[in-house]
Amino acid sequence: MQLQIENLSKTYPNGVQALNDVSLTIQQGMFGLLGPNGAGKSSLMRTIATLQEPDSGTIQLGDINVLTQKDEVRKTLGYLPQEFGVYPKVDAETLLDHLAVLKGITNRSERKETVKALLQKTNLYDARKKNLGGYSGGMKQRFGIAQALLANPKLIIVDEPTAGLDPAERNRFLNLLSEIGENTIVILSTHIVDDVKELCSDMAIINLGRVLYQGSPSKALEAI
Ligand code: ADP
Ligand code: ADP
């Protein structure tokens with residue numbers, strides 16, 4: 001399974017060219033997309049997540065044509081936007097259980113098992129009865145991952161996830177992502193060099209809508 005992006009371009013109605021002939025090949029594992037604010041990261045992530053249309057170019061996820069088979073992509077995609085919202089007045093276990101119903105897991109004991117495994121994987125089991133409104137930033141992010149994993153995604157996109165997390169929460173979150181990257185494509189979009197340096201097996205640097213580099217983090221970032 002790989003994600004193949006070819007010659008993607010997008011100019012917004014205000015004349016800003018957010019993507020300028022972007023081509024990337026992304027394999028299973030943790031992929032870092034590094035670039036300053038305004039580089040085009042969110043535009044690229046939203047386009048891959050089928051939330052906006054490019055002007056031109058193609059995106060292929062395994063045998064799925066992302067731009068024409070949107071329903072297929074959405075079934076197998078986990079997307080955590082920058083401002084990830086949660087319902088504040090419901091606890092994690094209840095919400096995951098409801099979401100599992102919506103995902104079609106109607107067997108009660110199977111659902112309990114699934115939800116428990118996800119809570120344990122994301123280190124939220126002890127806080128499963130707590131309302132999401134009382135969660136810290138890192139807990140909310142990890143809940144977002146638990147929710148995303150319900151879909152058994154082949155691709156997970158995480159946009160600027162470590163902003164506002166304290167160092168311990170940040171490490172915990174990045175380690176979770178890297179664990180998930182063992183059998184999924186995980187794209188980590190960030191302007192923080194260290195996020196990419198530590199855990200990504202492959203990366204790209206993007207600025208002003210153009211890909212400046214794709215390759216190993218150690219080669220690109222040894223000077224930084
Ligand atoms: P990043 O995520 O790297 O900060 P974005 O993709 O959000 O970059 O933005 C790339 C450029 O496109 C920026 O100049 C931004 O202001 C502009 N932009 C983003 N979204 C829109 C939009 N909906 N309409 C117009 N311009 C936009
Ligand atoms: P960031 O630059 O922090 O990644 P975004 O680009 O995602 O933030 O912007 C948040 C929202 O504002 C998005 O829906 C985006 O489309 C919109 N937006 C961003 N820049 C512009 C812009 N210059 N004109 C119009 N909408 C914009």
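None of these values were measured; they are calculated from a predicted model. Counting convention: from 1, in listed order, for ligands and their atoms alike.
- For ligand 1, one of its N or O atoms has an N or O atom of Gly38 under 3.5 Å away.
- In this structure, Asn107 places its CG atom where more than 12 heavy-atom neighbours from other residues, nucleotides or ligands lie under 6.0 Å away.
- Residue contacts with ligand 1: Asn37 is placed with no nitrogen or oxygen under 3.5 Å of a nitrogen or oxygen of the ligand (distance criterion only).
- Glu113 meets the side-chain contact (heavy atoms from CB on, under 4.5 Å) test with no other residue; sequence neighbours excluded.
- For the pair Gly35 and ligand 1, no heavy-atom separation below 4.0 Å is found.
- The residue from Leu174, Val158, Leu34 that alone fulfils the side chain to side chain contact (heavy atoms under 4.5 Å, CB included) condition with Asp195 is Leu174.
- Between Val16 and ligand 1, not a single N/O pair is under 3.5 Å apart.
- Those atoms of ligand 1 with a heavy atom of Pro36 less than 4.0 angstrom away are 3 (O).
- For CG of Leu67, the number of neighbouring non-hydrogen atoms (other residues, nucleotides, ligands) closer than 6.0 Å is greater than 12.
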Side-chain polar contacts of residues 123-133 - donor-acceptor pairs under 3.5 angstrom, sequence neighbours left out - could you list them?
from, atom 1, to, atom 2, distance (Å)
Arg128, NH1, Tyr125, O, 2.9
Lys129, NZ, Glu93, OE1, 2.7

| salt bridge (charged side-chain N to carboxylate O under 4.0 Å, His left out) evaluation trace for Arg111 with Asp97 | CA-CA 7 Å; Arg111 210 161 63 231; Asp97 186 76; 3.0 Å; yes
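- Residue Ser43 approaches ligand 1 through these ligand atoms, each under 4.0 Å from one of its heavy atoms: 5 (P), 6 (O).
- Note: an N/O pair closer than 3.5 Å links Ala39 and ligand 1 by distance alone.
- Ligand-side atoms of ligand 1 in range of Arg46: 20 (N), range being under 4.0 angstrom from any heavy atom.
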